[in-house]
Amino acid sequence: MASLKALKLRIGSVKSTQKITKAMKTVAAAKLRRAQDAALAGRPYAERLEAVMASLASKVVISASSPKLLTGTGKDDRHLLVVVTSERGLAGGFNTNIVRAARRRADELIAAGKSVRFYIVGRKARAAINRYYPKLTLHDHDMSQAKTARFEDAHAIAQDLIARYEDDRFDVAHLFFSRFQSALVQEPTEKQLIPVPLAKGAAQAGSAAAVDYEPDEEAILADLLPKNVAIQIYGALLENQAGFYGSQMTAMDNATRNAGDMINRLTIQYNRTRQAAITTELVEIISGAEAL
């Protein structure tokens, strides 16, 4: 049985931990509101731009001058998985679920005989990806200096991905992130980032609608295609940030409750041990008195 001093020290340690988890929950809750507003505000623009680009991809006339971001390389052999996670942990299974979705997709592609490489954004994916797929990381983008999701970071990542794509380093890029639903629910999501996927049903139904470009098709696509990549990545960063704070708030709330339960159990054990010690001392005093 643990001594009274050991139990008292342990109770004090758990109380200190409970104060930390409660403070982290409060901070995460405060940051969640801003992150949630930013994610929800940016979602319609990203979704609409993605739909417009998918519609254009189904209508554009393929020629030698067509941009690769729209038409693709003509192959489907080399896949790049862009895995976006957070820089910090203590958020339950938030990062693990994103990595698990990427691993599931990677295993499917490898089983189909495809080449797979990883582009990591966020520190928490690094160890898991390197452990399961050693030497398959194409690039690890450092986001440690970013306190919040910034378009500048998304634009830099998009420019790097486009440069690698134009340099014929991969054929298809997939983006993995967590779509924010609520503080309790974050949905791991995959979307094709490069080249622009066709609109649903376009491959079967086709489209006879004409599209007029002003000033011209080449100029419009040259501006919209890179911007779409950056916007989709920025949207993923915003969704991830809101999801991270929601998951962290929930995890810290559970940790605070668990610490409270442990304090109650340790307090009961402490009181019982103390009562047993007092009873033992009384028995010893009475026995000594009777002996005299």
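All values derive from a computational prediction rather than experimental measurement.
- Annotation for Thr85 and Gly122: closest pair OG1-O, 3.4 Å, computed over non-hydrogen atoms.
- Listed for the Tyr133 side chain is a donor-acceptor partner under 3.5 Å among the backbone atoms of Arg103.
- By the 4.0 Å N-to-carboxylate-O rule, Glu108 lies too far from Lys114 to be salt-bridged with it.
- Formation of a donor-acceptor pair under 3.5 Å by the Glu187 side chain with backbone atoms of Gln181 is not found in this model.
- Side-chain contact check for Ile233 versus Leu193: some heavy-atom pair is nearer than 4.5 Å.
- Between atom CD1 of residue Ile231 and atom CD of residue Glu47 there is a gap of 13.0 Å, rounded to the nearest 0.5 Å.
- The stretch residues 157-176 participates, sequence neighbours left out, in these side chain to side chain donor-acceptor pair (under 3.5 Å) pairs: Thr73-Asp171, Arg78-Asp168, Arg78-Asp171, His79-His174, Tyr119-Asp160, His139-Arg164, Asp160-Arg164, His174-Glu190.
- Looking only at side-chain heavy atoms (C-beta outward), Leu80 and Leu161 come within less than 4.5 Å of each other.
- The backbone N or O of Gln275 lies less than 3.5 Å from a partner atom in the side chain of Thr279, making a donor-acceptor pair.
- Between Met252 and Thr21, the shortest heavy-atom contact is CB-O, 3.5 Å.
- Interatomic distance, Leu9 CG to Leu4 CG, rounded to the nearest 0.5 Å: 11.0 Å.
- A salt bridge links Asp253 with Arg257: the distance from a Lys NZ or Arg NE/NH1/NH2 to an Asp or Glu carboxylate oxygen falls below 4.0 Å.
- Leu238 and Val185 fall into different hydrophobic clusters, where Ile, Leu, Val, Met, Phe, Trp and Tyr residues are linked whenever their side-chain heavy atoms come under 4.5 Å apart, directly or through other members.
- Hydrophobic clustering (ILVMFWY, side-chain heavy atoms < 4.5 Å, transitive): Phe170 and Ile120 are in distinct clusters.
- Under the 3.5 Å distance criterion, the side-chain polar atoms of Glu50 are left unmatched by any main-chain donor or acceptor of Met53.
- Closest of all the heavy-atom pairs between Ala30 and Arg34 is O-NH1, 3.9 Å.
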Self-check item: Chi angles and distances behind the side chain to side chain contact (heavy atoms under 4.5 Å, CB included) call for Ile194, Val229
Solution: CA-CA 8 Å; Ile194 300 174; Val229 176; 4.2 Å; yes
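- For the pair Asn228 (side chain) and Leu224 (backbone), a donor-acceptor distance under 3.5 Å is absent.
- Between the side chain of Glu87 and the main chain of Arg123, a donor-acceptor pair closer than 3.5 Å is present.
- Note that the OG1 atom of Thr273 and the CD1 atom of Ile268 stand 11.5 Å from one another [nearest 0.5 Å].
- Met249 contributes atom CE, which lies 13.0 Å from atom OH of Tyr245 (distance to the nearest 0.5 angstrom).
- When hydrophobic clusters are built by joining Ile, Leu, Val, Met, Phe, Trp and Tyr residues whose side-chain heavy atoms come closer than 4.5 Å, directly or via intermediates, Ile110 is grouped together with Val83.
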Practice problem: Check the pair Phe244 / Arg88 against side chain to side chain contact (heavy atoms under 4.5 Å, CB included), numbers first and verdict last. | Solution: CA-CA 9 Å; Phe244 169 77; Arg88 301 189 303 277; 3.7 Å; yes
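- Ser247 places a side-chain N or O within donor-acceptor distance of the main-chain N or O of Ala91, the cut-off being under 3.5 Å.
- Annotation: side chain of Leu225 is in contact with side chain of Val196 (closest heavy-atom distance under 4.5 Å).
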Quiz prompt | Steps toward side chain to side chain contact (heavy atoms under 4.5 Å, CB included) verdict (Leu81, Leu109) | solution = CA-CA 11 Å; Leu81 308 188; Leu109 291 170; 4.1 Å; yes
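- Judged purely by atom type and a 3.5 angstrom limit, Thr189 has no side-chain atom pairing as donor or acceptor with the backbone of Ser178.
- The main-chain N or O of Asn95 is never found under 3.5 Å from a side-chain atom of Ser86 such that the two would form a donor-acceptor pair.
- Ile20 CD1 to Lys22 NZ: the interatomic distance, rounded to the nearest 0.5 Å, is 13.5 Å.
- Hydrophobic clustering (ILVMFWY, side-chain heavy atoms < 4.5 Å, transitive): Leu90 and Phe94 are in distinct clusters.
- At least one side-chain heavy atom of Arg179 sits under 4.5 Å from a side-chain heavy atom of Phe177.
- Of all non-hydrogen atoms in Asn97 and Pro188, the two that sit nearest each other are CB-CG, 3.7 Å.
- Judged by distance alone, with hydrogens and angles left aside, the side-chain atoms of Gln18 form no donor-acceptor pair with the main-chain N or O of Ala259 at under 3.5 Å.
- We find the CD-CD distance between Gln36 and Glu239 to be 10.5 Å, quoted to the nearest 0.5 Å.
- Contact between Val172 and Asp76 at its shortest, heavy atoms only, is CG2-OD1, 3.5 Å.
- The side-chain contact (heavy atoms from CB on, under 4.5 Å) test with Val27 singles out one residue from Met24, Lys31, Lys25, and that residue is Lys31.
- With sequence neighbours left out, Arg150 forms a salt bridge (charged side-chain N to carboxylate O under 4.0 Å, His left out) with Asp153.
- Within the 4.5 Å cutoff, no side-chain heavy atoms of Asn258 are placed close to those of Met262.
- Note on Phe118: it does not cluster hydrophobically with Val82, by side-chain heavy-atom contacts below 4.5 Å among ILVMFWY residues.
- Scanning all heavy atoms of the two residues, the minimum distance from Thr250 to Ala183 falls at OG1-O, 3.1 Å.
- Side chains of Thr137 and Asn130: a donor on one and an acceptor on the other come within 3.5 Å.
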